Amino acid sequence: VQLQASGGGLVQAGGSLKLSCAASGRMFTSFASSYVMGWFRQAPGEEREFVAAIPWSGSATSYADSVKGRFTISRDNVANTVYLQMNNLKPEDTAVYYCAADRSRWLGMYRVMDFYGEGTLVTVSS
């Protein structure tokens, strides 16, 4: 499973960014409907933390309390792409954001997932 995230950058507090993650690889495309997709982030000096997740069906979403009401996760199953729309960004959202995939059943909240891609840096200036 290969996960390629993009869309990070520098934005002022209150601004918006949209991250994208393209999933590929035979293990993913052959079993795409069994993968939950998610986003994690890691701030400098901090542990990686869960941000949001969405099952294949898109019928549910889950978010960390710190981003509820500001971030929206979505997916395009035809394009094998998951998105994270981030609005009203705050300096504390500054982190490397990682796209992730998991083959478990839908759990809602995740401490870890099976696969991670290379991260994309989001920097929010005050």
Side-chain angles (χ1 to χ4, degrees):
V1 176
Q2 287 81 49
L3 303 169
Q4 183 64 54
S6 61
L10 174 64
V11 64
Q12 287 188 330
S16 298
L17 279 176
K18 187 173 185 177
L19 305 183
S20 300
C21 173
S24 61
R26 189 177 63 175
M27 284 299 294
F28 183 87
T29 55
S30 298
F31 303 100
S33 63
S34 63
Y35 281 95
V36 174
M37 301 298 294
W39 290 93
F40 287 71
R41 68 185 182 185
Q42 186 168 18
E46 302 290 332
E47 294 188 352
R48 186 158 51 191
E49 64 175 1
F50 171 79
V51 175
I54 185 169
W56 167 261
S57 66
S59 60
T61 54
S62 63
Y63 299 94
D65 287 343
S66 58
V67 306
K68 278 182 182 176
R70 300 187 298 121
F71 290 12
T72 303
I73 188 171
S74 61
R75 65 190 293 170
D76 179 344
N77 292 333
V78 174
N80 288 333
T81 301
V82 63
Y83 305 97
L84 186 68
Q85 176 68 47
M86 305 184 294
N87 297 328
N88 191 21
L89 282 160
K90 304 176 180 180
E92 51 264 42
D93 294 318
T94 295
V96 176
Y97 283 72
Y98 297 90
C99 178
D102 197 272
R103 284 200 65 182
S104 66
R105 60 181 175 85
W106 175 245
L107 300 174
M109 305 298 287
Y110 293 79
R111 291 183 61 250
V112 295
M113 284 191 171
D114 294 329
F115 303 98
Y116 295 90
E118 296 294 324
T120 185
L121 177 62
V122 173
T123 304
V124 185
S125 63
S126 57

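As the structure is a computational prediction, the values presented were derived from the model and not from experiment.
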Please check if atom CD in Q4 has more than 12 non-hydrogen atoms from other residues, nucleotides or ligands closer than 6.0 Å. no
For the CD atom on E92, are there more than 12 heavy atoms of other groups (residues, nucleotides or ligands in this structure) within a distance under 6.0 Å?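 Counting neighbours around CD of E92, more than 12 heavy atoms of other residues, nucleotides or ligands fall under 6.0 Å, so yes.
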Separation of [Y] [atom2] from [X] [atom1] (nearest 0.5 Å):
X	Y	atom1	atom2	result
E47	Q42	CD	CD	8.0 Å
Y83	T72	OH	OG1	14.0 Å
T61	I54	OG1	CD1	6.5 Å
R26	F31	CZ	CZ	9.0 Å

Begin from the C-alpha positions of M37 and L3 and carry the test side-chain contact (heavy atoms from CB on, under 4.5 Å) through to its verdict. CA-CA 10 Å; M37 301 298 294; L3 303 169; 3.9 Å; yes
Tell me whether [Y] is reachable from [X] by hopping between hydrophobic residues (I, L, V, M, F, W, Y) whose side-chain heavy atoms are closer than 4.5 Å.
X	Y	value
V36	L19	no
F40	F115	no
L121	V11	no
V82	V67	yes
M113	I73	no

Run the numbers on M86 and R70 for side-chain contact (heavy atoms from CB on, under 4.5 Å), then give the verdict. CA-CA 6 Å; M86 305 184 294; R70 300 187 298 121; over 6 Å; no
I'd like to know whether the aromatic ring centres of F71 and Y63 sit less than 6.0 Å apart in this structure.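 Distance test on ring centres: not under 6.0 Å, no.
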Quick check: does any side chain N or O of [X] sit under 3.5 Å from a backbone N or O of [Y], one acting as donor and the other as acceptor?
X	Y	result
R75	P55	yes
D114	R103	yes
T123	L10	no

Is it true that D93 and K90 have a side-chain N and a carboxylate O under 4.0 angstrom from each other?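 No, D93 and K90 are not salt-bridged.
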Looking only at heavy atoms, which two atoms of [X] and [Y] are closest? And how far apart?
X	Y	answer
Q2	G25	OE1-CA, 3.2 Å
M109	S62	SD-CB, 3.9 Å
S126	A13	CA-CB, 4.3 Å
S20	W39	O-CH2, 3.7 Å
F50	A64	O-CB, 3.4 Å
A22	T81	CA-OG1, 4.2 Å

Under the side-chain contact (heavy atoms from CB on, under 4.5 Å) criterion, do W106 and S57 qualify, and how do the steps go? CA-CA 10 Å; W106 175 245; S57 66; over 6 Å; no
Using the rule given for side-chain contact (heavy atoms from CB on, under 4.5 Å), can you reason through T120 versus S6, listing the C-alpha separation, both sets of side-chain angles and the distance that settles it, and then say yes or no? CA-CA 6 Å; T120 185; S6 61; 5.6 Å; no
Specify whether Y98 and Y116 have parallel, tilted or perpendicular ring planes, treating 30° as the upper limit for parallel and 60° as the lower limit for perpendicular.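 It falls in the perpendicular class, over 60°.
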